Amino acid sequence: MSLPDPGDYIDIHTHHGTHPEKGIFSVVSLMAHEEAGLLPLPGIAYTFGIHPWHLSASSYEDHISGVRKAAADSRVLAIGEAGFDRLRGPDPELQRKAFEEQALIAAEHHKPVIVHCVRAWDELLRARKRLRPARPWLVHGFRGSRDLAAQLISKDMFLSFWFGFIIRPEAGKLIRSLPRERIFLETDGSGAGIRNIYVKVSADLDISVSGLKRIIYDNFMDFFG
Ligand SMILES: [Zn+2]
């Protein structure tokens, strides 16, 4: 299993992982409908799940057995991205079933979950309450309000921010209001530079880039346990 170095930039959620770059540790989100394999590359770790956009009743059994198989693989650090999307994907009932089954698989393997959630926060909070998982979940691509962020964190979740939001000046206020031991940064495979994101956020927090690297490294070790 590949682990980051305390001096690495950690990109907690990306879809590009075939060309690892020195100094960057990438957590590559593999989706069950893709044919991508788990290549044992340095500087790369994986998560595996059924993305709600690519969820369908006809492929469900096939994809869930892929998740089950991946969960047993030590190179897969977490299950996901999985979750709820009110703007895209199949009906909420199937989304709920798929999320809960994946969360239960994660729990069986003592792994955390990476969450994709669009306008379905009530649904996500209900799932957390119902399933009572021992491990935290990480909401990726976050760009909500301070109140919502605080609420999710109070329910044992970590947050990784949408790359396009976190580089805006107004994001500084949000990031300063949150506990540092709950934050991650990501590119989501957008082509945005993780280094630039670290520079922006370290300025927002009034700390050095290496100080921010240390915080996120510690969060990584905490989240993936
Ligand atoms: Zn993604």
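Only a predicted model underlies this, so the values are computations on that prediction, with no experimental measurement involved. In this chain, residues are counted from 1 in sequence order. Indexing begins at 1, ligand by ligand and atom by atom, following the structure's order.
- Ion pairing between R68 and E108 fails under the 4.0 Å rule for side-chain N and carboxylate O.
- Protein N/O/S atoms found under 2.8 Å from the Zn ion (ligand 1), listed by chain and residue number: H13 NE2, H15 NE2, E81 OE2, D188 OD1.
- Contact detail for L94 and A57: the closest heavy-atom pair is CD2-N, 3.6 Å.
- Ring pair H116/W53: centre-to-centre distance below 6.0 Å.
- Stacking of R75 on the aromatic ring of Y46 is not recorded, the 6.0 Å distance cut-off and the 45° axial limit not both being met.
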Exercise for the section: Could you check E100 against R126 for salt bridge (Lys or Arg N to Asp or Glu O under 4.0 Å), going step by step and ending with a plain yes or no? Expected result: CA-CA 11 Å; E100 294 209 358; R126 272 200 300 273; over 6 Å; no
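- The aromatic ring centroids of Y9 and F25 lie 6.0 Å or more from each other.
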